[in-house]
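Here is the structure we will look at, set down as structure tokens.
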Amino acid sequence: MAVQKLPLAKAINASLRTALENDPKVLVMGEDVGKLGGVFRVTDGLQKDFGEDRVVDTPLAESGIVGTAIGLALRGYRPVVEIQFDGFVFPAYDQIVTQLAKMHARALGKIKLPVVIRIPYGGGIGAVEHHSESPETLFAHVAGLKCVSPSNSSDGYWMLQQAIESDDPVIFFEPKRRYWDKGEVDPSAIPAPLHSAKIARQGSALTLAAYGPMVKVCMEAAAAAEEEGNSLEVVDLRSMSPIDFDTVQRSVERTGRLVLVHEAPVFLGTGAEIAARITERCFYHLEAPVLRVGGFHAPYPPARLEDEYLPNLDRVLDAVDRALAY
């Protein structure tokens with residue numbers, strides 16, 4: 001595949017196709033992933049090309065899907081499970097946190113479970129209840145699980161392949177509101193390590209750190225701030241467990257200020273852990289308190305209100321102004 005400009009959804013499709021071609025032990029399974037190609041068409045055409053034994057339409061039973069994937073992994077396969085929507089993952093939560101995350105330690109390292117669980121997550125698509133959640137912290141808190149989220153097509157392509165190649169279970173959070181955003185994908189590139197953060201935009205006055213769907217908002221905020229004479233650095237975290245604290249630290253040591261942004265509620269969100277760590281590491285470099293912008297500590301609202309719930313450009317810039325005012 002030559003360098004192409006692809007929407008995130010098609011980049012993930014291309015990544016799955018590459019993994020299926022390269023390793024006969026890779027399987028794709030989930031609700032409607034086969035004939036339908038997934039509700040977002042992310043797996044479109046894969047069952048036609050690789051057959052029903054490798055791209056498997058499952059019953060509507062998330063606990064059974066993940067439990068089956070664990071069994072397949074024990075037998076040497078590398079299952080890639082799709083949870084159709086973020087809010088549907090909770091029937092499988094027991095399998096994920098008590099079996100998938102624990103088996104390697106339980107077996108004293110003798111057993112590996114190379115399972116990837118793909119979860120389209122976040123809001124912004126006008127969906128009904130249980131279709132716009134951001135549950136990443138519930139998984140990042142669990143030892144034994146890796147949690148990552150691409151913000152663009154190139155990372156979607158490469159990070160998924162790296163997740164599939166990992167011998168540890170990976171929860172792969174896909175920002176569904178970005179499925180249609182296009183970006184360049186170079187299949188000959190050398191990807192960054194899976195759990196490393198990236199500097200998406202350089203700046204000097206303040207660091208904005210985000211992952212998944214909020215990276216685009218932070219980039220827009222940095223562009224808007226530049227028009228007012230403020231230079232903002234944007235860090236794409238990419239991984240929520242483990243977190244690349246070193247990259248964030250180096251950025252904050254340069255800028256002296258940090259604003260963390262995610263769709264998930266601010267209360268006990270990923271930003272809380274990063275804020276605590278960076279405050280410890282960069283105490284004498286900080287010119288202002290670390291600030292956080294995120295969702296409210298409330299159930300995700302009906303679609304007509306989600307624009308009020310989701311962090312947006314104005315809320316990010318308000319936090320920037322408050323940090324710069326110190």
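- By the 4.5 Å heavy-atom criterion applied to side chains, Gln99 and Arg106 are counted as neighbours.
- The side-chain heavy atoms of Lys146 and Ser166, taken from C-beta on, include a pair separated by under 4.5 Å.
- Under a 4.0 Å N-O distance rule, the pair Glu82/Arg118 qualifies as a salt bridge.
- Using cut-offs of 30° and 60° for the angle between ring planes, the Tyr93 and Phe139 rings count as perpendicular.
- Remark: Arg238 fails to qualify as a cation-pi partner of Phe172 under the 6.0 Å distance and 45° angle criteria applied to the six-membered ring.
- Asp244 and Lys198 are not joined by a salt bridge, as no carboxylate oxygen comes within less than 4.0 angstrom of a charged side-chain nitrogen.
- The cluster map of Ile, Leu, Val, Met, Phe, Trp and Tyr, joined by side-chain heavy atoms under 4.5 Å apart, puts Met29 and Phe85 in the same cluster.
- Ion pair Asp49/Arg17 flagged as a salt bridge, since at least one NZ, NE, NH1 or NH2 atom sits closer than 4.0 Å to an Asp/Glu carboxylate oxygen.
- Applying the side chain to side chain donor-acceptor pair (under 3.5 Å) definition to pairs two or more places apart or across chains, those involving residues 214-227 are Asp181-Lys216, Arg201-Glu226.
- Ile274 and Leu232 are members of different hydrophobic clusters when ILVMFWY side chains are connected at heavy-atom separations under 4.5 Å.
- Shortest non-hydrogen contact noted between Pro187 and Val185 is CD-O, 3.5 Å.
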Criterion side chain to side chain donor-acceptor pair (under 3.5 Å) on Tyr300 and Glu133, from CA distance to verdict
CA-CA 7 Å; Tyr300 197 90; Glu133 310 293 328; over 6 Å; no
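- The environment of OH in Tyr309 is crowded: more than 12 heavy-atom neighbours from other residues, nucleotides or ligands sit within 6.0 Å.
- Looking at Ser251 and Glu233, their side chains do bring a donor and an acceptor atom within 3.5 Å of each other.
- Cluster membership for Val266 and Val293, using ILVMFWY side-chain heavy atoms within less than 4.5 angstrom, is not shared.
- Aromatic rings of Phe88 and His131 (six-membered ring for Trp) have centroids within the 6.0 Å cut-off, being under it.
- Among residues two or more places apart in sequence or in another chain, the ring-ring contact (aromatic ring centres under 6.0 Å, His included) test is passed with Tyr121 by Phe173.
- Remark: Lys112 NZ is loosely packed, at most 12 non-hydrogen atoms of other residues, nucleotides or ligands lying under 6.0 Å away.
- Within a 6.0 Å sphere centred on CD of Glu129, other residues, nucleotides and ligands contribute 12 heavy atoms or fewer.
- Judged by distance alone, the side chains of Glu165 and Gln161 never bring a donor and an acceptor atom under 3.5 Å apart.
- Salt bridge Lys35/Asp57: absent, no basic N to carboxylate O contact under 4.0 Å.
- To the nearest 0.5 Å, the span separating OG on Ser241 from CD on Glu136 amounts to 12.0 Å.
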Are Arg54 and Asp23 close enough, and set up right, to give a salt bridge (charged side-chain N to carboxylate O under 4.0 Å, His left out), and what steps lead you there?
CA-CA 11 Å; Arg54 296 193 65 199; Asp23 187 349; over 6 Å; no
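- Using a 4.5 Å cut-off on side-chain heavy atoms (C-beta onward), Leu291 and Leu258 make no contact.
- Of the N and O atoms on the side chains of Ser188 and Asp186, at least one donor lies less than 3.5 Å from an acceptor on the other residue.
- Between Trp180 and Phe40, the ring-plane angle classifies as perpendicular under the 30° and 60° cut-offs.
- Val55 has its side chain within reach of Leu20: a pair of non-hydrogen atoms, C-beta onward, lies under 4.5 Å apart.
- Using a cut-off of 4.0 Å between Lys/Arg side-chain N and Asp/Glu carboxylate O, Asp246 and Arg281 are scored as salt-bridged.
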